[in-house]
Each structure stands twice: as C-alpha cells, then as structure tokens.
Amino acid sequence: MSDTSLYFSTVLALPDDSVLVGGHLVSEGSDPTGTLLVHYNENAEKKWQLIAKIPDMVNGLALRLETDGKVFVGIIGRNGFFCEIDLANKSFTKNHQLTSVDYGYFEDIVLFKGSYYVCGSRRQIYTFDGKEWSRLDSGIFSGDYSRNDFLKELHTSDPFSDYGSYGSEFILSLDASNTLSVCGSNGFVAILDQEKNIWNQLDAPTNIDFKVIYGDDDGSIFIGAGGGILYSISQDGSWKEYHDSKFKDAIIRDILRFKGLIYCAAGQKVLVVKDGEFEEVEISFSDSQEINKLSVFHNVLWAVGDEVIFRFDGSKWTSHISPTNK
C-alpha cells in the first residue's frame, strides 16, 4: 500500500444517492492524527472528491437538511473538535472545540429537533442550538472520577479490551428517532424525558457492554453488543434477545432498518434479522473487510469496510475502492 492509502471508519448517506466517508491514513495505524472527509458520487464526472481535512479522528457524522435542499453535515471528533460543513460549498459554517472534561473521548453525534447532540466516554452529553453549547447529562455524567484514576487504569487494564477497566463508565452511542437514547458499558441504557429534560435509566437484563443503540420509527429500540448479541426493547418496556452461536465472535457496532429489515454491522459480517433469526448477508469482497458502520437514505444502504465502500439497493451489493487504495 502507498503512503496515501486510506481506511474508512465513518459513513453518511446523502440525499442524491452519494455518500460521505471519513478516511484515515493507513500509515498512521489505529491512532490517526486527523480525518479526510471524502465524497463519493457514482454519477459525477469526478467520482471521488476531498471535502475537508479534519484535525481530529472523526467519530460521528450527522445530516442536516434545510427546506431549500441545502445539505449540511455536523462532525464530532474524538478529542472534541466540532464543525458543520456546507457540503455544496465545502465550507465550514460552524467550528468549535469542546472540552473533553480533561479525559475521555467524544463518541457520537446526532441531530434531534434541529439541534446537534454529542456524547462522550464519561457519559457527558452536550447539545448545540446553533449558537452555543450546553450540557444535558444531569444524573448520568460520571464526574466523580479523577484524571489520575483514569490514567492509572488506562495503563494497567487489559490491553485487549476496548476501554479496559475504564469501560465501566463510557457511553458509546447516541440515537435520535422519536426521542433521544444512549447506551454504554455495564448494560447502561437511558432515554431522555423531553418534558423534564432528564435521563431515565432503564433496567437491562444484562451487564454486558453495549456498543450501539438504534431507535426505530415505531418507538422500539435496538441495542448491539459483543458475542453477536442484539437486544430489542418494545414500547411496553419488554426486552428481547437475538443471538446465534454461529456469530458468537461478532461484535455488533451499528444497526439500522432498511426496506423493512434490521441490518447489523458486525465486523467481517453484515447480519440481517429475518423472522426473528439472524442471517448473514453475502457480500463479495467483504471477507477481508472490517465493516463497522452503516448509513441509509431513502432506498440506498451504504457500509464502510476498511478500504472499501459498499452500496446496497435492496437487491444488489456493489463495492467501490478509493483511487488512493488501488
């Protein structure tokens, strides 16, 4: 591979059947210094275009559409770099550096009722109304933990764990559908009471680490975890578990509904739930790709797998390789 080869970690489907992806230099490994935002449009004369260079490892992208059709993308980096980009003009409309509360990373961003929300690894949640940021994590923020404690545990914890013993506190995923919901380690799930502006923590049937949360349009919630385990929470509060021993080594890191079915990004597999059971989706060229992120707009689903972007229209998967990786 060349010094310009990229691997992709984030993806955002766009209204015109194109996609925005966040790429990092392979030469920098798993701890990149920045992110290249790349736009792929199959129907454009120049299919691959660099949109922006972000001075942070981007962990989340959120789409904001205006009534006149203008497309904006909200971006959060793990170290707290936030910006919004006018996609047509490739210009920054907002730019801000969030505090990381001295330690921990920012993990995700969503747009909810016109405002951006971001979550972090100390259960911190911020909201941006277009002018200023405010905190929205009363009752769930883990503020009674010193920086020295964090550094001590970071350097003595299991090196094969995503977060080591520090993982007892993090929030990894934020979702906005009918309401805001968050999930994290030790079976942590909370839903925002919009009237009181407080978080209600749910009683989970497990204390395993949750990786991603997805709010469905019907008000139900799906949660992904390691061991190839998927949970659903119905509107009446009941939990249901989906798992299959064939996928016990999979980690579900993203979830969405597409054409009536629930799809899960699970490492080197994409799983779909049919009739209450997991099925593995057959995608050519995906066996060597780590697929961790999905995004959908209208009738197209996109997935990123290391150096490849995958597109699915409901009947056929196609793969697209960046010119930097050929």
Side-chain angles (χ1 to χ4, degrees), residues 9-11 13 59-60 107-108 110 119 161-163 167-168 170-191 200-283 286-287 289-296 301-305 310 312 314 317:
S9 62
T10 49
V11 59
N59 273 346
E107 303 289 352
D108 205 359
V110 295
C119 67
S161 171
D162 281 348
Y163 289 84
S168 62
F170 66 79
I171 284 179
L172 267 185
S173 181
L174 181 69
D175 186 75
S177 51
N178 297 308
T179 187
L180 281 172
S181 55
V182 294
C183 76
S185 57
N186 284 357
F188 177 80
V189 184
I191 297 175
N200 294 322
Q201 188 169 344
L202 305 185
D203 292 326
T206 178
N207 63 354
I208 65 174
D209 293 348
F210 294 143
K211 303 297 184 181
V212 62
I213 191 165
Y214 170 73
D216 210 356
D217 290 338
D218 64 0
S220 60
I221 293 172
F222 289 85
I223 299 171
I229 297 174
L230 175 71
Y231 289 96
S232 66
I233 310 172
S234 63
Q235 286 183 297
D236 63 9
S238 59
W239 289 64
K240 181 178 180 179
E241 180 180 327
Y242 303 83
H243 71 275
D244 189 315
S245 59
K246 294 195 301 290
F247 309 121
K248 63 181 180 180
D249 295 328
I251 300 176
I252 296 176
R253 296 191 183 275
D254 210 358
I255 306 166
L256 54 74
R257 184 177 291 278
F258 178 64
K259 293 187 178 293
L261 298 174
I262 291 293
Y263 285 81
C264 303
Q268 292 185 344
K269 297 176 176 63
V270 173
L271 305 177
V272 60
V273 180
K274 291 184 178 180
D275 300 321
E277 301 289 338
F278 276 135
E279 290 185 14
E280 184 174 354
V281 177
E282 293 187 9
I283 309 174
S286 68
D287 56 344
Q289 301 291 311
E290 192 76 13
I291 299 175
N292 290 320
K293 288 293 182 179
L294 307 171
S295 186
V296 65
L301 182 154
W302 296 89
V304 285
F310 296 98
F312 182 50
W317 287 86

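The first residue of the sequence shown is numbered 1, and numbering continues consecutively from there.
S220 and Q235 get closest at one heavy-atom pair: N-CG, 4.3 Å. Counting all heavy atoms, side chain and backbone alike, G60 lies closest to T10 at N-CG2, 4.2 Å. The nearest pair of heavy atoms linking C264 to I252 is CB-CG2, 3.9 Å. Annotation for A225 and K211: closest pair CA-CG, 4.2 Å, computed over non-hydrogen atoms. Scanning all heavy atoms of the two residues, the minimum distance from G187 to A204 falls at O-CB, 3.4 Å. Across all their heavy atoms, A250 and A266 have their closest contact at CB-CB, 3.9 Å.
Remark: Y231 pairs with F210, W239 by the ring-ring contact (aromatic ring centres under 6.0 Å, His included) rule, at least two apart or across chains. Qualifying salt bridge (Lys or Arg N to Asp or Glu O under 4.0 Å) partners for D244, counting only residues two or more places apart in sequence or in other chains: K246. Checked against side chain to side chain donor-acceptor pair (under 3.5 Å), S9 has the following partners two or more places apart in sequence or in another chain: H24. Checked against side-chain contact (heavy atoms from CB on, under 4.5 Å), D254 has the following partners two or more places apart in sequence or in another chain: V212, A265, K293, L294.
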For residues 270-280, please give each side-chain donor-acceptor pair under 3.5 Å, one per line with the distance, not counting sequence neighbours.
none

Item to check | Chi angles and distances behind the side-chain contact (heavy atoms from CB on, under 4.5 Å) call for I262, I255 | outcome: CA-CA 7 Å; I262 291 293; I255 306 166; 3.8 Å; yes
Checklist entry - Are V281 and F312 close enough, and set up right, to give a side-chain contact (heavy atoms from CB on, under 4.5 Å), and what steps lead you there? => result CA-CA 11 Å; V281 177; F312 182 50; 5.9 Å; no
Next on the checklist: Run the side-chain contact (heavy atoms from CB on, under 4.5 Å) test on I229 and T206 for me, step by step, so that the C-alpha distance in whole Å, both residues' side-chain angles and the decisive distance to 0.1 Å come before the verdict.
Outcome noted: CA-CA 11 Å; I229 297 174; T206 178; over 6 Å; no
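Side-chain contact check for L301 versus L256: some heavy-atom pair is nearer than 4.5 Å.
Identified under the salt bridge (charged side-chain N to carboxylate O under 4.0 Å, His left out) test for residues 215-240, with sequence neighbours left out: D216-R257.
Put simply, CD1 on I213 and CD1 on I191 are 7.0 Å apart, with the number rounded to the nearest 0.5 Å. To the nearest 0.5 Å, the span separating CG on N186 from CG on D209 amounts to 6.0 Å. To the nearest 0.5 angstrom, I251 atom CD1 is 8.0 Å from E290 atom CD. How far CZ of F222 is from CD1 of I233: 10.0 Å, rounded to the nearest 0.5 Å. Considering OG of S185 and CG of N207, their distance stands at 10.0 Å, rounded to 0.5 Å. From I221, atom CD1 reaches atom OG1 of T179 across 8.0 Å, with rounding to the nearest 0.5 Å.
Atom NZ of K248 has 12 or fewer neighbouring heavy atoms from other residues, nucleotides or ligands inside a 6.0 Å radius.
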